[in-house]
Amino acid sequence: AQTVTQSQPEMSVQEAETVTLSCTYDTSENNYYLFWYKQPPSRQMILVIRQEAYKQQNATENRFSVNFQKAAKSFSLKISDSQLGDTAMYFCAFMKHESGNKLVFGAGTILRVKS
Amino acid sequence: DTEVTQTPKHLVMGMTNKKSLKCEQHMGHRAMYWYKQKAKKPPELMFVYSYEKLSINESVPSRFSPECPNSSLLNLHLHALQPEDSALYLCASSQGQGARKNIQYFGAGTRLSVL
């Protein structure tokens with residue numbers, strides 16, 4: 001079975017600074033997908049970024065980028081120019097190819113952006 | 001439009017009540033999901049419907065009964081719940097399964113309290 005580990009329960013960052021959230025996963029699969037989801041206090045889960053394991057190039061979405069290290073089974077999220085609206089719980093998630101779209105979530109990291 | 005609408009937003013019910021949660025999407029998605037989320041924990045998958053057929057049931061107790069009347073609508077019928085079933089219930093949908101179609105879009109959830 002796959003497992004996803006987020007080793008940082010809580011983090012803080014000053015507005016406009018850069019922060020990196022860690023995620024590692026354990027799998028014997030070669031074909032899979034990785035996701036970062038954000039859940040603000042308003043509770044709606046929003047997709048931040050998605051990575052396909054067969055792609056070596058790291059995914060980026062505006063201020064959000066990932067460092068995907070397949071051999072190390074690591075998938076960290078970097079948030080540049082942090083904004084107050086980035087305050088949320090961030091979940092890293094794994095999906096095996098042809099798994100019926102089953103997402104396996106990590107425990108989450110609470111990120112607080114301070115002014 | 002990436003909206004998944006869940007009603008009601010809040011629900012309080014007794015252990016002998018019967019109630020239903022509703023989820024609707026008009027994005028033409030053919031896969032829909034129910035998750036249960038306890039406070040400060042990641043979502044736990046309960047059910048997956050693919051093309052209106054139940055494809056995954058994560059050994060959920062029979063007091064939770066899902067229904068997918070059509071491709072846009074997903075219901076979760078609740079009966080004889082226990083206080084430990086109190087949680088945020090999230091609905092999600094995706095285009096389908098496999099690469100490019102497996103991004104899940106979440107609703108805002110129904111906060112359920114069982115007294």
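Each chain gets a letter, A, B and so on, in the order the sequences are listed, and its residues count up from 1.
A single hydrophobic cluster is seen to contain both B:Val60 and B:Leu78, as judged by linkage of ILVMFWY side chains at heavy-atom distances under 4.5 Å, directly or through other members. In the hydrophobic clustering of this structure, A:Phe68 does not group with A:Phe35; members are Ile, Leu, Val, Met, Phe, Trp, Tyr whose side-chain heavy atoms approach within less than 4.5 Å, directly or through other members. In terms of hydrophobic clustering, with Ile, Leu, Val, Met, Phe, Trp and Tyr side chains grouped at heavy-atom distances under 4.5 Å, A:Ile79 and A:Ile110 are assigned to different clusters. Follow the hydrophobic side-chain contacts under 4.5 Å out from A:Ile49 and you reach A:Val4 in the same cluster. Tracing side-chain contacts under 4.5 Å through hydrophobic residues (I, L, V, M, F, W, Y), one never reaches A:Ile46 starting from A:Leu111; they form parts of separate clusters.
For A:Met45, the parts sitting under 4.5 Å from any heavy atom of chain B are the backbone and the side chain alike.
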Atom pairs, donor to acceptor, chain B/chain A, distance under 3.5 Å:
from     : atom 1 : to       : atom 2 : distance (Å)
B:Lys9   : O      : A:Arg43  : NH2    : 3.3
B:Tyr33  : OH     : A:Asn101 : ND2    : 2.7
B:Gln37  : OE1    : A:Gln39  : NE2    : 2.9
B:Gln37  : NE2    : A:Gln39  : OE1    : 2.8
B:Glu58  : OE1    : A:Lys102 : NZ     : 2.8
B:Ser94  : OG     : A:Asn101 : ND2    : 3.2
B:Gly96  : O      : A:Asn101 : ND2    : 2.6
B:Ala99  : N      : A:Tyr33  : OH     : 3.2
B:Asn102 : OD1    : A:Arg50  : NE     : 3.2
B:Asn102 : OD1    : A:Arg50  : NH2    : 3.1
B:Gln104 : N      : A:Tyr37  : OH     : 3.3
B:Gln104 : O      : A:Tyr37  : OH     : 2.7
B:Gln104 : NE2    : A:Asn101 : O      : 2.8
B:Phe106 : O      : A:Gln44  : NE2    : 2.8
B:Ala108 : O      : A:Arg43  : NE     : 2.7
B:Gly109 : O      : A:Arg43  : NH2    : 3.3

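To the nearest 0.5 Å, atom CG of residue A:Leu103 and atom CE of residue A:Met95 are 4.0 Å apart. Atom-to-atom distance recorded for A:Phe91:CZ and A:Leu47:CG is 14.0 Å, nearest 0.5 angstrom.
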Identify all side-chain donor-acceptor contacts of residues 11-20 of chain B below 3.5 Å with residues at least two apart in sequence or on another chain.
from    : atom 1 : to      : atom 2 : distance (Å)
B:Asn17 : OD1    : B:Gly14 : N      : 2.7
B:Ser20 : OG     : B:His77 : ND1    : 2.6

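Identified under the disulfide (SG to SG under 2.5 Å) test for residues 52-101 of chain A, with sequence neighbours left out: A:Cys23-A:Cys92.
Among the residues in residues 67-76 of chain B, none has a non-hydrogen atom closer than 4.5 angstrom to a non-hydrogen atom of chain A.
The two atoms that bring B:Val114 and B:Ser86 nearest to each other are N-OG, 2.8 Å, heavy atoms only.
By number of non-hydrogen pairs under 4.5 angstrom with chain B, the leading residue of A:Pro9, A:Ala93, A:Ala107 is A:Ala107.
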